[in-house]
Amino acid sequence: MSLRITGRLARLFLMLLLPQPVFVWWLIVGRRDFPSPLLPALATAGIVILFLLFLLFLHILPVRPQSGSTMRITVLDGGQSLISFSVWGFFFQTLLYLFIFMGHMPLFTEFYRTSPALFTANLVSGILILFFLLLNGQLRVLFTCYRLGIVKRLLVIFNLWFPVVNLFLMKYLCNKAKEECDNERCRFTARAARAESKVCATKYPLIMVHGIGFRDLKYFNYWGRIPKELVRNGATVYYGHQQAWGTIEDNAEHIRQTIRQVLKENHCAKVNIIAHSKGGLDSRYLITHLHMEHQVASLTTVSTPHRGSELINVLNRLPDGIYRLISSWFDRTFSKFGDGCPDCYHASKQLAPAYCAHFNEITPDCPEVFYQSYASVMKHAWSDSLLSVPNLIMDVAGNTGNDGLVTEESAKWGVFQGTFRNKYQRGISHGDMIDLKREDYKGFDVIETYVDIVRNLKDMGY
């Protein structure tokens, strides 16, 4: 307790003294007579160097990751500390100058009366010192905090310049940074505890199959930070490499080629498939119609529209000519990203409830394969800015309990393992389930969620 009190007193002393460089110089040099003109010059140089070194020290701290942390979290933690230090520094400086003008600080009163110009310089330099420390802290948090989405970052940047409002925003930044630092340290502790256990080392390799509108690109992973964490915990991970806008039939063939390659490389008999969104339909077609039931041990679908998405029924109200025109634009665009035969028109139509009802009739589950599914729901349209409009459209159409694209009921298939929800205002969207924004937020850890999913597969012998 005594160390904590000592630390707080030292911090308070810094908040009062650091923004007073000219006053410190006047106290040590300006109000004294020296026998030699060289001494005040040396003393001035020493004071300036010490102040600059100490400021540099504050600006770059901490310089290395602390135990149980990464460099990003260390920088983030330092950012919220700088914001807190600067805000409290401004508060105490305001109190200090109020006491000065009320005549309760004799030394400062003498300083002001002796040299008003130096007093003004001291005030301006103090404001600049605290301002640049504050700016450093804000930039650190804005650039390193995963809990701040793009929209939130822009709102903070545009509103930080308004008095009073910025105080609430800086408090918000500090809270978000602290939440993320605590969460990341807990994650680090969990990693350390299971470092040798290889909890994700499943019997068979994992094939992660993406949904519609995306590809497995080299420099942009559809699954965000999830695969890296699975590999860190012992999993062998591959990607489906099907087309972004391929039909179910075409994509299933691409996945079959991937599986054959994986089986050959790993000298194994089967694979586990984890599929998101339409990837689940591609995988079901692969197992049943391409007769891969003996090469697939399990299929885990996440937010897959097994019974279709009502959003497609809304889009189907567009004139067919406009729908085909938009689809052709997507086809031309994604052909440049590697799609061999993109077919946006028919691929998207395959997500309609009527088509999925027919698909389910002709695509029965194979008893050799273990099927399980997961769903998620958004709390309201503003749970995810990217999917706010689709979520609102589906809610208005009477399809409540959806993730922005797929309803909870539509996502259920095989052994339904549950719906991911959030007790806080931030719901869990279709994109959140694949770490689309690389964003951490309170109440749901998508990385640990997939670790648990794969851990369960391992425990079941897959």
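Just so it is clear, the values below take in all heavy atoms, side chains as well, and ignore hydrogens, waters and symmetry mates.
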**Request:** Run the salt-bridge test on K178 and D77 with the 4.0 Å N-O cut-off and return the result as yes or no.
**Result:** no
**Request:** Say whether, by atom type as modelled, one donor and one acceptor occur between the side chain of R307 and the main chain of E409 under 3.5 angstrom.
**Result:** yes
**Closest approach of V454 to I274 (non-hydrogen atoms, all atoms of both residues)** = CG2-CD1, 3.9 Å
**Prompt:** Do you see a donor-acceptor pair shorter than 3.5 Å between the side chains of T363 and H289?
**Reply:** yes
**Prompt:** With respect to L405, which candidate in P390, S303, S277, S429 satisfies the side chain to side chain contact (heavy atoms under 4.5 Å, CB included) definition?
**Reply:** P390
**Message:** What's the separation between atom CZ in F131 and atom CG in N136, rounded to the nearest 0.5 Å?
**Reply:** 11.5 Å
**Asked** So, Y146 and N183: side-chain donor and acceptor under 3.5 Å apart, yes or no?
**Response** no
**Asked** Any idea which heavy atoms bring V369 and Y371 closest together, and the distance?
**Response** O-CD1, 3.3 Å
**Message:** Which heavy atom of Q80 sits nearest to which heavy atom of A177, and what is that distance?
**Reply:** CB-CB, 3.7 Å
**Request:** Consider only side-chain N and O atoms of N233 and R455, and report whether a donor and an acceptor are under 3.5 Å apart.
**Result:** no
**Asked** Is any side-chain heavy atom of N272 closer than 4.5 Å to a side-chain heavy atom of I207?
**Response** no
**Prompt:** Under 3.5 Å, is there a donor-acceptor pair between the Y345 and S328 side chains?
**Reply:** no
**Message:** For R421, is there an ion pair with E408 - N to carboxylate O distance below 4.0 angstrom?
**Reply:** yes
**Request:** Answer yes if the ring centres of Y462 and Y204 are under 6.0 angstrom apart, and no otherwise.
**Result:** no
**Message:** Main chain of G427, side chain of S383: is a donor-acceptor contact present, judged purely on distance under 3.5 Å?
**Reply:** yes
**Prompt:** Is any side-chain heavy atom of I259 closer than 4.5 Å to a side-chain heavy atom of I273?
**Reply:** yes
**Request:** Side-chain contact test, heavy atoms from C-beta onward, threshold under 4.5 Å: evaluate it for M378 versus N422 and give yes or no.
**Result:** no
**Request:** Would you please say whether a donor-acceptor pair under 3.5 Å links the side chains of N166 and N159?
**Result:** no
**Asked** Is the shortest distance from a Lys or Arg side-chain nitrogen in E179 or R147 to a carboxylate oxygen in the other one below 4.0 Å?
**Response** yes
**Prompt:** Which atom pair, heavy atoms only, marks the closest approach of N266 to Y238?
**Reply:** ND2-OH, 2.9 Å
**Asked** Looking at CG of L206 and CG of L457, how far apart are the two atoms once the value is rounded to the nearest 0.5 Å?
**Response** 7.0 Å
**Request:** Kindly determine whether V396 and I393 satisfy side-chain contact (heavy atoms from CB on, under 4.5 Å), including the steps that lead there.
**Result:** CA-CA 5 Å; V396 170; I393 291 173; 5.9 Å; no
**Request:** From the options L154, L142, L155, select the one residue that forms a side chain to side chain contact (heavy atoms under 4.5 Å, CB included) with L148.
**Result:** L142
**Item:** L351 to P305 - nearest heavy-atom pair and separation
**Value:** CD2-CG, 3.9 Å
**Message:** Is it the case that the ring center of H210 lies less than 6.0 angstrom away from the ring center of F214?
**Reply:** no
**Prompt:** Just wondering, do T304 and V406 contact through their side chains at under 4.5 Å, heavy atoms?
**Reply:** no
**Message:** Would K171 and F168 count as a cation-pi pair here, with the cationic atom under 6.0 angstrom from the ring centre and within 45° of the axis?
**Reply:** no
**Asked** N391 side chain to L387 main-chain N or O, any donor-acceptor pair under 3.5 Å?
**Response** no
**Prompt:** Would you say the side chain of V237 lies within less than 4.5 Å of the side chain of W223, judging by non-hydrogen atoms?
**Reply:** no
**Request:** State the NZ-OG distance between K203 and S298, to the nearest 0.5 angstrom.
**Result:** 12.0 Å
**Asked** Checking side-chain contact (heavy atoms from CB on, under 4.5 Å) for the pair Q372/F416: CA distance, chi angles, key distance, verdict?
**Response** CA-CA 6 Å; Q372 65 174 350; F416 182 61; over 6 Å; no
**Asked** Can you tell if the side chain of L56 reaches within under 4.5 Å of the side chain of I60, non-hydrogen atoms only?
**Response** yes
**Item:** CA sep, side-chain torsions, deciding dist, call: D365, W413, side chain to side chain donor-acceptor pair (under 3.5 Å)
**Value:** CA-CA 10 Å; D365 291 348; W413 196 263; 2.9 Å; yes
**Request:** Mind running side-chain contact (heavy atoms from CB on, under 4.5 Å) on N251 and V209 for me, showing each step along the way?
**Result:** CA-CA 10 Å; N251 280 355; V209 178; over 6 Å; no
**Prompt:** Considering only heavy atoms from C-beta outward, does the side chain of I428 approach that of D384 to under 4.5 Å?
**Reply:** no
**Asked** Going from CZ on F54 to CZ on F51, what distance comes out if it is rounded to the nearest 0.5 angstrom?
**Response** 9.0 Å
**Prompt:** Hey, mind stepping through T419 and V377 against side-chain contact (heavy atoms from CB on, under 4.5 Å) and telling me if it holds?
**Reply:** CA-CA 7 Å; T419 301; V377 294; 4.0 Å; yes
**Donor on one side chain, acceptor on other, N221 and K228, under 3.5 Å** = no
**Working for side chain to side chain donor-acceptor pair (under 3.5 Å), residues R215 and H241** = CA-CA 7 Å; R215 286 193 60 87; H241 289 297; 5.7 Å; no
**Asked** Charged N to carboxylate O under 4.0 angstrom, R72 versus E180?
**Response** yes
**Request:** Verify whether one side chain among H346 and D343 offers a donor that lies under 3.5 Å from an acceptor in the other.
**Result:** yes
**Fill in**
Heavy-atom closest pair (G401 atom, D395 atom, distance to 0.1 Å) is N-OD1, 4.5 Å
**Prompt:** Can you say whether the rings of F334 and F337 are parallel (under 30°), tilted (30 to 60°) or perpendicular (over 60°)?
**Reply:** tilted
**Asked** Run the side chain to side chain donor-acceptor pair (under 3.5 Å) check on Y374 and Q417 step by step: do they pass?
**Response** CA-CA 6 Å; Y374 295 86; Q417 302 287 16; 4.7 Å; no
**Request:** Using only heavy-atom distances, determine whether the side chains of Q257 and E253 contain a donor-acceptor pair under 3.5 Å.
**Result:** yes
**Asked** How many angstroms lie between atom CG of D282 and atom CD1 of I287, to the nearest 0.5 angstrom?
**Response** 11.0 Å
**Message:** For the NE2 atom on H380, are there more than 12 heavy atoms of other groups (residues, nucleotides or ligands in this structure) within a distance under 6.0 Å?
**Reply:** yes
**Request:** Supply the atom-to-atom distance H306 NE2 to C356 SG, rounded to the nearest 0.5 angstrom.
**Result:** 9.5 Å
**Request:** Assign the ring pair W245 / F330 to parallel, tilted or perpendicular, where the plane angle (0 to 90°) is split at 30° and 60°.
**Result:** tilted
**Request:** Measure the shortest side-chain to side-chain distance between Y285 and E249 over non-hydrogen atoms and say whether it is less than 4.5 angstrom.
**Result:** yes
**Message:** Angle between ring planes, H430 versus H276, binned at 30° and 60°: parallel, tilted or perpendicular?
**Reply:** tilted
